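Take this structure, written in structure tokens, and hold onto it; I'll ask about it next.
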Amino acid sequence: MELFTVLSAITVTCNKRLTPFLEKEIRELGFEPEDVFVTGVRILGTMEDCIKLNLNLRCASQVLFSLKKFNAPDADVVFNELLDYPWEDILPSNTYLSVTSNVSNDTINNSMYANLRVKDAVVDRLRSVRGERPPTGSELSGAVIHLFWKQNDAEVFVDTSGESLARHGYRKFPGRAPMLEALAAAVVMATGWDKTGVFLNPMCGSGTLAIEAAMIATNRRPGLFRNNFSFMHLLGYDEQVYLREDRHLEDQITDLPSLKIIATDYSDQAIANARKNAIAAGVADLIEFSVCDFSDTPIPDGQKGVMVINPEYGERLGNVAGLEATYAGIGDYMKKKLGGYYGYVFTGNLELAKKIGLKAKRRIEFYTSTIDCRL
């Protein structure tokens with residue numbers, strides 16, 4: 001099997017409510033979705049397409065390349081189906097192997113058991129063909145096989161990503177309750193910011209929203225910050241294909257001399273962390289950081305744009321009663337200082353959002369972890 005040139009279904013997964021933004025990204029890369037669902041997008045492509053997807057996507061979690069679909073009433077059938085699969089055509093000798101799964105089957109009450117059966121089948125097959133057992137474990141640093149099993153429908157994939165793409169790799173100082181990078185990118189995309197107006201980010205915390213805005217504006221892709229993907233640990237991997245795509249990431253970075261991104265926080269430590277993260281992302285010179293109350297965030301004269309703020313909302317940080325004054329203050333700040341701007345508040349507390357005192361023109365649904373949120 002020529003794994004890297006054969007056509008197959010590719011499922012690109014994402015966190016709930018990020019699908020519209022992921023679909024937009026995939027279309028912009030030149031792919032036509034065959035199916036769009038709650039947690040991802042399905043297209044047709046090759047493993048070489050998976051390389052491009054892994055390097056470029058901001059809102060994705062995993063890029064899964066389909067190997068086989070079959071009917072599986074129980075784990076024994078899964079084992080037998082995968083024991084017959086030619087893993088020796090896919091996995092190099094002594095490659096570190098991990099197994100992940102998404103399982104909903106009445107015969108399984110622990111997904112780890114399903115993982116074990118998959119691993120046993122692959123290992124037994126390779127031992128019988130090669131006379132050697134590959135090293136295995138839970139770290140997603142080598143080849144990764146993924147099982148999707150819902151009731152009697154099973155599908156096995158090569159997970160070409162490994163570690164989740166939703167973490168973009170530059171954030172070394174996350175601070176308190178940081179926003180996931182993929183979510184932050186989607187939030188920036190949801191604002192419709194045109195990259196020419198000002199991007200204000202009071203209460204910036206570890207700087208993720210401002211950094212993602214700078215990366216989007218200058219076309220810096222997450223693949224710039226990562227040098228290990230699971231596709232690198234498969235038979236047929238051509239490093240030159242990867243290096244070509246990697247060079248393209250550098251070539252497509254654009255310079256925007258008029259770019260204006262301002263990020264502030266009342267915490268000295270938060271701003272110090274945000275600066276370090278921006279340096280790691282290569283955008284420190286594109287963001288103006290300062291320590292101040294959100295209401296004192298500098299607003300350039302004669303320019304308009306968007307303001308995005310992500311205040312505490314009492315689930316993981318802050319006290320709900322004490323935050324009412326903060327939300328009222330955000331409303332005052334928007335009314336008194338941001339005339340002509342589009343203002344966006346990301347929150348997981350709709351009762352507190354009412355304290356802003358402004359009628360929302362639009363509410364966009366998101367999740368952060370398991371918390372139901374709105375922009």
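Counting begins at 1 with the first residue of the sequence. Side-chain atoms are counted along with the backbone in the values below, which use heavy atoms only and exclude waters and symmetry mates. Computed from a prediction, not measured in an experiment: that's the story for all the values here.
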(message) Quick test of your reading of the model: are E365 and R374 salt-bridged, counting only N-O distances below 4.0 Å?
(response)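 A salt bridge is present here (some side-chain N lies under 4.0 Å from a carboxylate O).
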(request) Compute whether any side-chain donor of one residue and acceptor of the other, for H233 and N228, lie under 3.5 angstrom apart. (result)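 Yes.
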(request) Please check if atom NZ in K304 has more than 12 non-hydrogen atoms from other residues, nucleotides or ligands closer than 6.0 Å. (result)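 More than 12 heavy atoms, drawn from other residues, nucleotides or ligands, come within 6.0 Å of this atom.
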(request) Would you please say whether a donor-acceptor pair under 3.5 Å links the side chains of T160 and N54? (result)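 Distance-only check passes for T160 and N54.
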(message) Keeping D120 on the side-chain end and R117 on the backbone end, is there a donor-acceptor pair under 3.5 Å?
(response)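 Checked: no pair found.
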(request) Take atom NZ of K337 as the centre, draw a 6.0 Å sphere, and report whether it contains more than 12 heavy atoms from other residues, nucleotides or ligands. (result)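 Atom NZ in K337 is crowded, with more than 12 foreign heavy atoms closer than 6.0 Å.
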(message) Consider side chain to side chain contact (heavy atoms under 4.5 Å, CB included). Of T191, V188, N310, which one does Y344 pass it with?
(response)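 Of the listed residues T191, V188, N310, the side chain to side chain contact (heavy atoms under 4.5 Å, CB included) partner of Y344 is T191.
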(request) Establish, for the pair R17 and F366, whether the NZ or CZ atom is under 6.0 angstrom from the six-membered ring centre and no further than 45 degrees off its axis. (result)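 No cation-pi geometry.
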(message) On a heavy-atom basis, which atom in C14 and which in A60 lie closest, and how many Å separate them?
(response)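 Here C14 and A60 meet closest at CB-CA, 4.4 Å.
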(message) Does atom NZ (K335) have a neighbourhood of more than 12 heavy atoms from anything else shown, all under 6.0 Å?
(response)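 Count over threshold, so yes.
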(message) Testing E212, R220, E181 one by one against Y170 for a side-chain hydrogen bond (donor to acceptor under 3.5 Å, both in side chains), which residue passes?
(response)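 For Y170, the side-chain hydrogen bond (donor to acceptor under 3.5 Å, both in side chains) test succeeds with only one of E212, R220, E181, which is E212.
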(message) Between N115 (side chain only) and V118 (backbone N and O only), is there a donor and an acceptor less than 3.5 Å apart?
(response)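 Side chain of N115 to backbone of V118, a donor-acceptor pair under 3.5 Å: no, none is there.
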(request) Please check if atom NZ in K68 has more than 12 non-hydrogen atoms from other residues, nucleotides or ligands closer than 6.0 Å. (result)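 Yes, NZ of K68 has more than 12 neighbouring heavy atoms, counting only those of other groups under 6.0 Å.
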(message) Looking at R125, I want to see if its CZ is surrounded by more than 12 non-hydrogen atoms of other residues, nucleotides or ligands under 6.0 Å.
(response)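 More than 12 within 6.0 Å, yes.
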(request) Verify the distance criterion only: is there a donor paired with an acceptor across the side chains of N219 and R221 at less than 3.5 Å? (result)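 There is such a pair between these side chains.
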(message) Between N273 and S206, is there a side-chain donor-acceptor contact under 3.5 Å, judged purely by atom types and distance?
(response)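 Short answer, no.
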(message) Does F225 have more than 12 heavy atoms from other residues, nucleotides or ligands lying within 6.0 Å of its CZ?
(response)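 Yes, enclosed.
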(message) Can you tell me if F37 has over 12 outside heavy atoms packed within less than 6.0 Å of its CZ?
(response)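 Result for CZ/F37: enclosed.
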(message) Given 3.5 Å as the limit, does a donor-acceptor pair link the side chain of N277 with the main chain of K172, or not?
(response)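 It does hold such a pair.
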(message) Under 3.5 Å, is there a donor on one side chain and an acceptor on the other for S267 and D265?
(response)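 No, no side-chain donor-acceptor contact under 3.5 Å.
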(request) Answer yes if the side chains of D194 and T196 hold a donor-acceptor pair under 3.5 Å, and no otherwise. (result)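 Side-chain D/A pair, D194 to T196: present.
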(request) Mark yes when over 12 heavy atoms from residues, nucleotides or ligands other than N227 sit less than 6.0 Å from its CG; otherwise mark no. (result)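 Atom CG in N227 is not packed in, count stays at 12 or less.
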(message) Are Y85 and F70 an aromatic pair, judged by ring center distance below 6.0 Å?
(response)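 No - the distance between ring centres of F70 and Y85 does not fall below the 6.0 Å cut-off.
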(request) Using modelled atom types only, decide if a donor and an acceptor are shared between the side chain of T218 and the backbone of I253 within a distance under 3.5 Å. (result)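 Such a contact is absent between T218 side chain and I253 backbone.
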(message) Which heavy atom of V198 sits nearest to which heavy atom of P300, and what is that distance?
(response)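 In terms of heavy atoms, the two residues are closest at CG2-CG, 4.0 Å.
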(request) Answer yes or no: is there a donor N or O on one side and an acceptor on the other, between the side chain of R226 and the main chain of G169, under 3.5 Å? (result)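 Not a single qualifying donor-acceptor pair exists.
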